[in-house]
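Because only heavy atoms are used, hydrogens play no part in the values below, and waters and symmetry mates are left out as well, while side chains stay in. Whatever order the structure lists ligands and atoms in, that order sets their numbers, starting from 1.
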Amino acid sequence: MTEKRFDGRAAIVTGGALGIGGGTARRLAADGAKVLIVDVVKDAAEANSKRIRDAGGTAITMVGDVSQESVAKAMVERAVNEFGRLDFLVQNAYGGGADRAGSAVEVKHESWRSGMDLLVTALYLGAKYAVPAMEESGSAPGFTPGTWTGAGLRHGSPPNMNVGRIVNLSSVHGLLQAPRSLIYEAGKAAVIGLTRQMAIDFGPLGITVNAIAPGHIVTERGEAMWGEVGNEPGFKLFELQYPVRRTGVPEDIANGIAFLCSDEASFITGVVLPIDGGLSIQLQENIVMDVKDFVVENPGLRTHFDQGRGTSRH
Ligand SMILES: NC(=O)c1ccc[n+]([C@@H]2O[C@H](COP(=O)([O-])OP(=O)(O)OC[C@H]3O[C@@H](n4cnc5c(N)ncnc54)[C@H](O)[C@@H]3O)[C@@H](O)[C@H]2O)c1
């Protein structure tokens with residue numbers, strides 16, 4: 001059998017049933033990792049696990065809300081019990097509701113609390129239990145630090161390397177703000193701060209911690225939303241805002257996450273990697289002027305903004 005880059009390694013993907021998490025679970029498994037999918041939607045989680053196993057990979061499922069400390073603890077125990085170790089934690093789960101939209105004046109305290117629990121607290125809890133398990137597991141199988149080679153000053157023994165990887169899902173909404181989206185925007189910005197702090201704290205252990213900031217990724221749910229409220233010109237208008245002239249698919253994000261999990265990425269930590277087709281580097285006043293002609297030529301276009309659904313995931 002051909003060797004794969006993650007053979008012998010074990011991963012947890014939260015929210016791994018559908019969307020970006022679903023694609024990430026499949027990507028890591030296709031590269032040889034054993035994957036535990038943790039999700040609140042049992043049927044979809046089991047369907048994705050089965051899809052992975054049918055393709056020759058290893059995947060198991062656990063149902064649970066990752067904003068609960070008992071679930072964060074149990075998912076790490078389950079991965080270690082089933083796979084014998086833990087190498088990767090991808091913290092991706094999110095599900096919002098209409099109550100999450102609004103400014104500080106509009107949102108209810110309870111919505112703020114539940115939003116922050118899932119957007120931020122869950123990531124702290126995941127790391128709290130995963131990091132000791134990664135340390136206990138030690139360097140990834142197949143990785144041998146060997147002797148120091150190459151240019152540069154070397155002092156004593158090599159440091160811990162490739163002991164673990166944590167990848168947290170932020171968003172372009174963590175980098176740029178959209179109106180009346182306090183909870184999601186503040187939560188995704190907090191993910192960036194939390195990621196950088198964890199990178200500092202866990203770097204000496206050989207564990208890297210990075211964040212991904214996806215642009216608009218058309219998932220199963222996104223596809224359904226566009227089908228319901230959009231039309232071709234509306235979707236095209238949305239795509240025109242992207243320098244690469246398309247929106248993303250889960251595989252675009254999964255490929256970035258897999259790279260950050262790889263041994264090749266061992267010197268990358270504390271970064272926020274936008275995977276957004278260039279959306280967040282473009283000057284907005286120009287793009288509005290550039291798409292004006294398209295809007296004028298397509299008076300019947302409809303997007304999800306027309307139903308007040310915006311781009312946020314709240
Ligand atoms: N899709 C996008 O355009 C986009 C853009 C930027 C960032 N993101 C971020 O990427 C991540 C994934 O988004 P997506 O679009 O794939 O979402 P999605 O809704 O398609 O999938 C999210 C998954 O998380 C699960 N989930 C929800 N709440 C959970 C909980 N409490 N515990 C465990 N599982 C839970 C859902 O059941 C689902 O399987 C989120 O953090 C989201 O904020 C998405």
query = Any N or O on Ser170 sitting closer than 3.5 Å to an N or O of ligand 1?
reply = no

query = Gly64: heavy atom below 4.0 Å from ligand 1, yes or no?
reply = yes

Arg27 bridged to Asp31 by N-O distance under 4.0 Å = yes

message = Show me which atoms of ligand 1 lie under 4.0 Å from any heavy atom of Thr219.
response = 1 (N), 15 (O), 16 (O), 20 (O)

query = In terms of heavy-atom contacts, does CD of Glu232 have more than 12 from other residues, nucleotides or ligands at under 6.0 Å?
reply = no

ask   = Can you list the residues that meet the ring pair (Phe, Tyr, Trp, His ring centres under 6.0 Å) rule with Phe143, with sequence neighbours excluded?
value = none

ask   = Any N/O of Ser67 closer than 3.5 Å to an N/O of ligand 1?
value = no

query = Out of curiosity, is Pro250 lining ligand 1, as in a heavy atom under 4.0 Å away?
reply = no

Distance filter under 4.0 Å to Val41 heavy atoms, resulting ligand 1 atoms = 37 (O)

note = Contacts satisfying ring pair (Phe, Tyr, Trp, His ring centres under 6.0 Å) that involve residues 2-38 (not counting sequence neighbours) are Phe6-Phe88

request  = Answer side chain, backbone, both or neither: which part of Val66 comes under 4.0 Å from ligand 1, heavy atoms only.
outcome  = both

inquiry  = Check whether Asn255 reaches the backbone of Asp252 with its side chain - one donor and one acceptor, N or O, closer than 3.5 Å.
reply    = no

ask   = By number and element, which atoms of ligand 1 are closer than 4.0 Å to a non-hydrogen atom of His216?
value = 3 (O)

inquiry  = So for ligand 1, is Asp65 a polar contact partner (N or O within less than 3.5 Å, distance only)?
reply    = yes

key: Part of Lys188 within contact of ligand 1 (heavy atoms, under 4.0 Å)   = side chain

query = Would you say the side-chain atoms of Ser67 and Asp117 include a donor-acceptor pair closer than 3.5 Å?
reply = no

task = Determine whether the side chain, the backbone, both or neither of Leu118 has a heavy atom under 4.0 Å from any heavy atom of ligand 1.
result = side chain

note = Here the pair of heavy atoms bringing Thr58 nearest to Ile52 is N-CG2, 4.0 Å

ask   = Under 3.5 Å, is there a donor-acceptor pair linking the side chains of Gln282 and Asn286?
value = no

key: Region of Ala44 that comes within reach of ligand 1 [heavy atoms, distance under 4.0 Å]   = neither

message = Less than 4.0 angstrom from a charged side-chain N to a carboxylate O is my criterion; do Glu69 and Lys73 meet it?
response = no

inquiry  = Taking distance alone, with N or O pairs closer than 3.5 Å, would you say Val172 contacts ligand 1?
reply    = no

query = Mind checking whether Asp39 has an N or O less than 3.5 Å away from an N or O of ligand 1?
reply = yes

